[in-house]
Amino acid sequence: MDSKLPEKLLKPFNPKETEERIYKLWEDSGFFAPEVHPTWVDDSSLNENFGKPFTLIMPPTNANGSLHAGHGLVMTIEDIMVRYKRMRGFKTLWLPGLDHAGFETQVVYEKKLEKEGRTRFEIEPKKLYEEILDFTLTNSKNIKSQVRKMGASCDWSREKFTLDPDIVKIVYQTFKKLSDDNLVYRGNRIVSWCSKHQTSFSDLEILDEERIDNFYYLKYGPFVIGTSRPETKFGDKYVVMNPNDERYKDYKDGQKIKLEWINGPIEATIVKDEAVDMEFGTGVMTITPWHDTADFEIAERHKLDKEQIIDENGKLLPIAGEFAGQHIKKARALIIEKLQKKGLVEKINEKYKHVVRTCYKCGTVIEPQIKNQWFVKMKPLAEKALEKINNGEIKYIPDHYKKVSIHWLSNIMDWNISRQIVWGIPIPAKICVKCGAGMVDLDNKIKKCASCGGEVAQDKDTFDTWFSSGQWPFATLGYPDGKDFKTFYPTDVMETAGEIIFFWVSRMIMLGLYVTGEIPFKNVYLHGLVLDAKGLKMSKSKGNVIDPLILTGKYGTDAFRIGMVIGNTPGTSLALAEERIRGYGKFANKIWNATRFVLDNTKDFNNSNTEIKYDEEDKKSDEELKKLVEEITKEMDEYKFYIVAEKIYHYFWHTFADIIIERSKKKILENKNADSAKALVYSQLVTLLKVLHPFMPFVTEEIWQILLPRRKVGEPTEMSALMVEKWPARNASSIADAGGPESK
RNA sequence: GCGCGGUUAGCUCAGUUGGUUAGAGCGACUGUUUUACACACAGUAGGCCGGGGGUCCGAAUCCCUCACCGCGCACCA
């Protein structure tokens with residue numbers, strides 16, 4: 001028996017010195033891969049789970065970003081799940097990945113260009129793509145090393161990037177399938193256009209912003225119309241009212257009237273449509289179908305003309321006459337001035353509260369535009385998803401996200417998947433130069449337009465990032481023929497931020513079901529936002545961003561991890577205060593010091609002696625811990641990490657250290673039931689290290705490696721690690737195996 | 001307007017199917033340098049569980065209602 005304590009155990013726990021070494025030990029062991037089996041014996045009579053797959057696909061991290069507090073939470077929660085399942089004997093796969101993060105990255109790169117005095121509109125697209133690719137790949141090394149620092153036990157050999165050729169191939173096949181099934185179409189539809197970023201968006205990239213603006217009442221022939229956007233009114237030649245509105249019953253649908261308008265006399269046509277709210281304004285409005293969704297729909301219903309008033313840069317077109325070429329921001333006041341001179345302004349309400357749609361990145365007011373784009377018909381896809389969610393095949397944690405998802409899916413709109421940016425997966429399609437028709441063309445074979453015979457050109461647009469990441473679970477596993485796909489799909493858990501429930505989670509369900517016929521994951525675990533100590537959202541402008549790596553550097557990764565998880569219920573945002581983490585740094589040291597005591601006092605103790613009989617109170621303590629382990633095992637299976645971590649923390653500190661160790665001192669000193677005491681402290685330490693490991697992997701593994709020579713007497717000296725040790729309970733109802741001196 | 005959360009100790013939050021004196025961490029206060037640990041130990045104080053109503057033998061927990069805070073969705077020009 002080794003009777004000397006290692007030198008380092010005599011000093012306080014030093015996370016800095018430990019973490020990199022331990023991570024390397026794990027990585028070298030190969031245990032991150034599901035195929036590399038735990039060292040304990042496969043006995044399914046003892047463990048029903050042994051060898052069953054457990055799959056978690058990591059949300060692909062933005063390759064060009066750096067680790068923020070939110071990532072810290074993701075890596076912690078997912079690693080806890082994965083380490084726990086691995087210790088339970090599951091064939092555990094945690095697949096890491098990187099995201100090219102299309103628009104996000106492009107915006108970052110554009111800012112960089114701006115600083116260099118360049119702009120993307122002057123750079124040849126191919127070259128720009130190469131530049132961003134280079135930029136992204138360089139930065140990706142950074143994020144990958146940071147993920148390692150968090151202790152993530154993911155299988156790096158299976159790492160994927162959203163632009164990998166095999167991923168792109170699958171994305172293309174899905175696009176083709178959607179097209180073949182008539183679920184993707186190209187058409188002139190209103191899209192949300194950002195004039196700064198020169199791209200269209202889906203409805204999710206838009207932020208609603210409440211504003212107080214002027215609301216103008218304008219004389220329009222015999223009517224008074226209300227508008228907050230006079231700059232769009234140049235082309236308005238339809239005046240619409242509700243057919244049931246008694247006030248205007250004398251005007252007939254289709255009737256023409258002549259009137260004086262901004263730039264002279266015009267002829268307008270009366271249109272009756274029920275979409276007009278009789279209560280709002282005067283109950284009469286004119287429409288601008290090119291720049292307003294509601295107006296567009298009215299125009300479609302009545303087959304009305306649509307004219308573009310504002311160009312893609314937000315400037316007025318020649319239809320605006322003397323105002324042509326002016327930016328709409330500046331033009332509004334001038335137009336009102338002119339209307340006032342002409343006596344066409346009836347009144348102005350200066351306190352009009354309404355909602356303006358803005359670009360989520362730059363805040364520019366979104367200008368709806370009619371554009372020829374690719375759209376996915378969502379209704380049929382959503383219906384299938386709703387079925388699976390409603391019948392409980394996909395479980396949400398916390399539960400209320402189920403309701404939120406159902407609500408969104410039930411009111412879903414078609415999805416504009418084309419983006420006018422270079423950084424992304426190019427859309428494999430030809431566009432007819434003559435008629436604008438779009439044809440999916442994976443093999444680059446189409447030379448003439450199928451509908452008009454005109455010349456075709458390659459589509460210059462790229463896919464919305466979420467179109468490719470929406471296929472992530474089956475794409476990363478190599479659908480349809482990959483071995484991993486067959487073994488690990490459907491995956492078990494999708495763990496991600498509640499914020500992207502629609503962007504990502506719901507779309508993965510729809511696309512996964514559509515392509516593979518199966519749900520992509522059985523459980524959705526959604527975590528909340530990580531906020532600053534005061535509960536405010538972190539932002540660079542507020543200067544309250546907390547860098548997780550500074551905290552892990554100061555207090556250790558273990559302290560950070562358990563601090564992130566204790567008391568943090570799923571879905572709830574977390575206020576990250578430094579004292580919180582500092583406190584758990586003390587806990588890591590407490591574990592370290594308790595270990596020193598146990599090893600120091602049991603060095604002469606023969607732990608292979610199975611004859612030890614606990615005395616009365618030790619027996620009680622032994623049973624108490626076994627009961628606790630059963631309890632937390634159940635809670636682990638219910639994803640209640642916040643309560644498990646707290647229970648273990650509390651037991652370790654206030655029962656094991658404060659009561660059991662204190663009690664043992666007396667017994668050992670007086671040599672009264674000393675063997676019982678020694679056996680108990682050793683056994684409890686071993687069990688506690690195991691259950692603590694998913695939460696605090698570094699300190700527990702470090703101690704395990706010190707313990708190992710004692711535990712493995714007479715056994716082969718092969719690589720062994722706590723991360724593949726057996727969890728000390730089979731399941732909630734079974735008898736716990738507390739490990740300890742009796743274990744072989 | 002519709003939907004989803006939240007309101008519990010000074011702060012951050014737990015509280016599972018309703019059951020005896022409502023919990024944790026941090027903070028505060030009082031002691032103690034006891035041979036693993038002062039990154040410690042022993043202890044103390046602090047809550048009409050947002051307001052009102054109801055069901056029940058019994059409600060922080062279930063139902064109704066109001067108030068306030070947060071978030072999401074929406075084509076009222």
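Numbers restart at 1 for each chain; the letters A, B, ... are given by sequence-line order, proteins then strands.
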Colleague: Report yes if a side-chain nitrogen or oxygen of A:Tyr642 is closer than 4.0 Å to either non-bridging phosphate oxygen (OP1 or OP2) of B:G15; otherwise report no.
Modeller: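 The answer is yes; a side-chain N or O of A:Tyr642 sits under 4.0 Å from OP1 or OP2.
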Colleague: Between atom OH in A:Tyr217 and atom P in B:C76, what is the gap in whole Å?
Modeller: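 Whole-Å distance recorded here is 16 Å.
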Colleague: Which nucleotide in the list B:A42, B:G25, B:A74 gets nearest to the side chain of A:Asp658?
Modeller: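 It is B:A42.
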Colleague: Could you let me know what B:C11 is paired to, Watson-Crick or G-U wobble, both distances under 3.5 Å, or none if it's on its own?
Modeller: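 Looking at the geometry, B:C11 pairs with B:G25.
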Colleague: Please report the distance separating the C1' of B:C4 from the corresponding atom of B:C76, rounded so that it comes out in whole Å.
Modeller: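 The same atom, C1', in both gives a distance of 24 Å.
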Colleague: Closer than 4.0 angstrom, basic N to acidic O: yes or no for A:Asp305 and A:Lys237?
Modeller: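 Yes, A:Asp305 and A:Lys237 are salt-bridged.
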Colleague: If you check the A:Asp277 side chain, which of B:A77, B:C39, B:A42 turns out closest?
Modeller: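 Nearest nucleotide to the side chain: B:A77.
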Colleague: Looking at every non-hydrogen atom in both residues, tell me the closest pair between A:Lys16 and A:Gly553 and how far apart they are.
Modeller: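 In terms of heavy atoms, the two residues are closest at CE-O, 3.7 Å.
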Colleague: If you take all heavy atoms of A:Thr76 and A:Gly72, which pair is closest and at what distance?
Modeller: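 Shortest heavy-atom contact: OG1-O, 2.6 Å.
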Colleague: Which whole number of Å gives the distance between the P atom of B:A28 and that of B:C39?
Modeller: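 My reading of the P atoms in B:A28 and B:C39 gives 15 Å.
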Colleague: If you compare all heavy atoms of A:Ser200 against all heavy atoms of A:Val191, which two are closest, and at what distance to 0.1 Å?
Modeller: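 Looks like CB-CG2, 3.8 Å.
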Colleague: Take atom P in B:G46 and the same atom in B:C63, then report the distance between them in whole Å.
Modeller: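 So the two P atoms sit 33 Å from each other.
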Colleague: Rounding to an integer number of Å, can you tell me how far A:Glu662 CD sits from B:U34 C1'?
Modeller: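 Value for this atom pair: 8 Å.
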Colleague: Using atom P in both nucleotides, what's the gap between B:C49 and B:U20 to the nearest angstrom?
Modeller: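 Each nucleotide's P atom is 16 Å from the other's.
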Colleague: Are A:Arg663 and A:Asp618 ion-paired here, with the side-chain N under 4.0 Å from a carboxylate O?
Modeller: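 A:Asp618 and A:Arg663: salt-bridged.
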Colleague: Over how many whole Å does the gap from A:Ile397 atom CD1 to B:C4 atom P extend?
Modeller: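 My rounded result for the distance is 20 Å.
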Colleague: With sugar-phosphate meaning primed atoms plus P, OP1 and OP2, does A:Ile566 contact a base, only sugar-phosphate, or nothing at under 4.0 Å between heavy atoms?
Modeller: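 Contact class for A:Ile566: none.
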Colleague: Measure from the side-chain heavy atoms of A:Thr569 and tell me the nearest of B:G3, B:A77, B:C13.
Modeller: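 Given the options B:G3, B:A77, B:C13, the side chain of A:Thr569 is closest to B:C13.
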Colleague: Would you mind classifying the nucleic acid contact of A:Gly226 as base, sugar-phosphate or nothing, using non-hydrogen atoms under 4.0 angstrom?
Modeller: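 Base, at least one base atom sits under 4.0 Å.
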Colleague: Taking A:Lys329 first and then A:Glu231, would you say they form a salt bridge - that is, a charged N and a carboxylate O separated by under 4.0 Å?
Modeller: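 No salt bridge links A:Lys329 with A:Glu231.
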Colleague: Whole angstroms only, please: what is the CZ-P distance between A:Phe652 and B:C37?
Modeller: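 Roughly 14 Å, once rounded to whole Å.
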Colleague: Specify the residue among A:Ala575 and A:His650 whose closest nucleotide of RNA chain B lies further upstream toward the 5′ end.
Modeller: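 Per heavy-atom nearest nucleotide, the more 5' residue is A:Ala575.
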Colleague: How would you label the contact of A:Arg229 with the nucleic acid (heavy atoms, under 4.0 Å): base, sugar-phosphate, or nothing?
Modeller: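 A:Arg229: no heavy atom of the nucleic acid under 4.0 Å.
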Colleague: Check every strand shown and say whether A:Pro398 touches a base, only sugar-phosphate, or nothing at a heavy-atom separation below 4.0 Å.
Modeller: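 Nothing: the residue A:Pro398, judged by heavy atoms under 4.0 Å, touches no strand.
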Colleague: Mind checking the C1' distance from B:G47 to B:A9? Whole angstroms is fine.
Modeller: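 To the nearest whole Å, 5 Å.
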Colleague: Taking the P atom in each of B:A24 and B:A45, what is the distance between them to the nearest angstrom?
Modeller: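 Each nucleotide's P atom is 13 Å from the other's.
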Colleague: Report yes if a side-chain nitrogen or oxygen of A:Arg582 is closer than 4.0 Å to either non-bridging phosphate oxygen (OP1 or OP2) of B:G27; otherwise report no.
Modeller: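 For B:G27, OP1 or OP2 has a side-chain N or O of A:Arg582 closer than 4.0 Å.
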Colleague: Which part of the nucleic acid, if any, lies within contact of A:Ala594, taking any heavy atom under 4.0 Å across all strands shown: a base, the sugar-phosphate backbone alone, or nothing?
Modeller: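 Contact class for A:Ala594: base.
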Colleague: For atom C1', what is the distance between B:A60 and B:G50, given to the nearest Å?
Modeller: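 So the two C1' atoms sit 12 Å from each other.
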Colleague: Tell me which nucleotide, if any, is Watson-Crick or G-U wobble paired with B:G3 when both distances must be under 3.5 Å.
Modeller: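 Matched B:G3 with B:C71 under the 3.5 Å cut-off.
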Colleague: Between B:C73, B:A36, B:A40, which nucleotide has the shortest distance from any of its atoms to the side chain of A:Trp653?
Modeller: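 From the listed options, B:A40 comes nearest.
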Colleague: Between A:Phe223 and A:Tyr251 (judged by ring centroids, cut-off 6.0 Å), do the two rings come close enough to count as a pair?
Modeller: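 For A:Phe223 and A:Tyr251, the ring centres are under 6.0 Å apart.
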Colleague: Calculate the interatomic distance between A:Arg580 atom CZ and B:U12 atom P; express it in whole Å.
Modeller: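 Atom-to-atom, A:Arg580 to B:U12, this comes out as 11 Å.
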Colleague: Would you say A:Cys359 and A:Phe201 make side-chain contact, with heavy atoms under 4.5 Å?
Modeller: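 SC-SC contact between A:Cys359 and A:Phe201 confirmed.
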Colleague: Whole Å only: how far is the NE2 atom of A:His527 from the C1' atom of B:C71?
Modeller: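 So the two atoms are 16 Å apart, to the nearest Å.
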Colleague: What nucleotide among B:A74, B:A36, B:C76 has an atom nearest to a side-chain atom of A:Asp208?
Modeller: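 Within the option list, the nearest is B:A74.
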Colleague: Using a 4.0 Å heavy-atom cut-off, does A:Thr595 contact any base of the nucleic acid, only the sugar-phosphate backbone, or nothing at all?
Modeller: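 The answer is nothing, as A:Thr595 stays clear of every strand by at least 4.0 Å.
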Colleague: Can you measure A:Phe502 atom CZ to B:C4 atom P for me and round it to whole angstrom units?
Modeller: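 It is 12 Å, rounded to the nearest whole Å.
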Colleague: With a non-hydrogen cut-off below 4.0 angstrom, is A:His654 in contact with a base, only sugar-phosphate, or nothing?
Modeller: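 Answer is sugar-phosphate: A:His654 comes under 4.0 Å of backbone atoms only.
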Colleague: Could you please name the partner base of B:U30, counting Watson-Crick and G-U wobble pairs only when both distances are under 3.5 Å?
Modeller: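 Matched B:U30 with B:A42 under the 3.5 Å cut-off.
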Colleague: Given B:C4, B:A14, B:A36, identify the nucleotide with an atom nearest to the side chain of A:Lys590.
Modeller: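 Selected nucleotide (nearest to the side chain): B:A36.
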Colleague: So if I take every side-chain heavy atom of A:Ile643 and compare against B:A14, B:C73, B:A77, which nucleotide ends up nearest?
Modeller: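 Ranking B:A14, B:C73, B:A77 by closest atom to the A:Ile643 side chain puts B:A14 first.
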Colleague: Could you tell me whether A:Ala588 contacts a base, only the sugar-phosphate backbone, or nothing, with contacts defined as non-hydrogen atoms closer than 4.0 Å?
Modeller: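 Nothing: the residue A:Ala588, judged by heavy atoms under 4.0 Å, touches no strand.
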Colleague: Taking only the side-chain heavy atoms of A:Lys403 (C-beta and beyond), determine which of B:G5, B:C39, B:C76 contains the nearest atom.
Modeller: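 Nucleotide nearest to A:Lys403's side chain: B:G5.
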Colleague: Taking the minimum atom-to-atom distance to the side chain of A:His400, which one of B:C39, B:G72, B:G5 wins?
Modeller: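 Out of B:C39, B:G72, B:G5, the nucleotide with an atom closest to A:His400's side chain is B:G5.
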Colleague: Are any of A:Lys665's side-chain N or O atoms less than 4.0 Å away from OP1 or OP2 of B:U34?
Modeller: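 No, outside the criterion.
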Colleague: Paired with B:C49 by Watson-Crick or G-U wobble geometry, both distances under 3.5 Å: which nucleotide is it?
Modeller: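 Matched B:C49 with nothing under the 3.5 Å cut-off.
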Colleague: Taking only the side-chain heavy atoms of A:Met413 (C-beta and beyond), determine which of B:A77, B:C75, B:A74 contains the nearest atom.
Modeller: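 In terms of side-chain proximity for A:Met413, the closest of B:A77, B:C75, B:A74 is B:A74.
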Colleague: Before accepting this row, confirm whether a basic side-chain N of the pair A:Arg561/A:Asp558 lies closer than 4.0 Å to the acidic partner's carboxylate O.
Modeller: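 Looking at A:Asp558 together with A:Arg561, the answer is no, because their closest N to O distance does not fall below 4.0 Å.
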Colleague: Remember a base hit wins even if backbone is also touched, and classify A:Val240 as base, sugar-phosphate or nothing at under 4.0 Å, heavy atoms.
Modeller: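 If one applies the 4.0 Å heavy-atom cut-off, A:Val240 turns out to touch nothing in the nucleic acid.
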Colleague: Which sits closer to the 5' end of RNA chain B, A:Glu279 or A:Leu204, going by the nucleotide each is nearest to?
Modeller: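 Final value for this comparison: A:Leu204.
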Colleague: Under 4.0 Å, heavy atoms only, any strand: does A:Thr288 hit a base, just the sugar-phosphate, or nothing?
Modeller: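 It contacts nothing in the nucleic acid.
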Colleague: Check the distance between B:G1's C1' and A:Asn411's CG and give it to me in whole angstrom.
Modeller: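 Roughly 14 Å, once rounded to whole Å.
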Colleague: Using Watson-Crick or G-U wobble geometry with both distances below 3.5 Å, tell me the partner of B:C57, or none.
Modeller: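 Answer to the pairing question: B:G19, which forms a Watson-Crick or G-U pair with B:C57.
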Colleague: Taking B:G58 as the reference, what is the distance to B:A14 when you measure between their P atoms (whole Å, please)?
Modeller: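 B:A14 and B:G58 have their P atoms separated by 30 Å.
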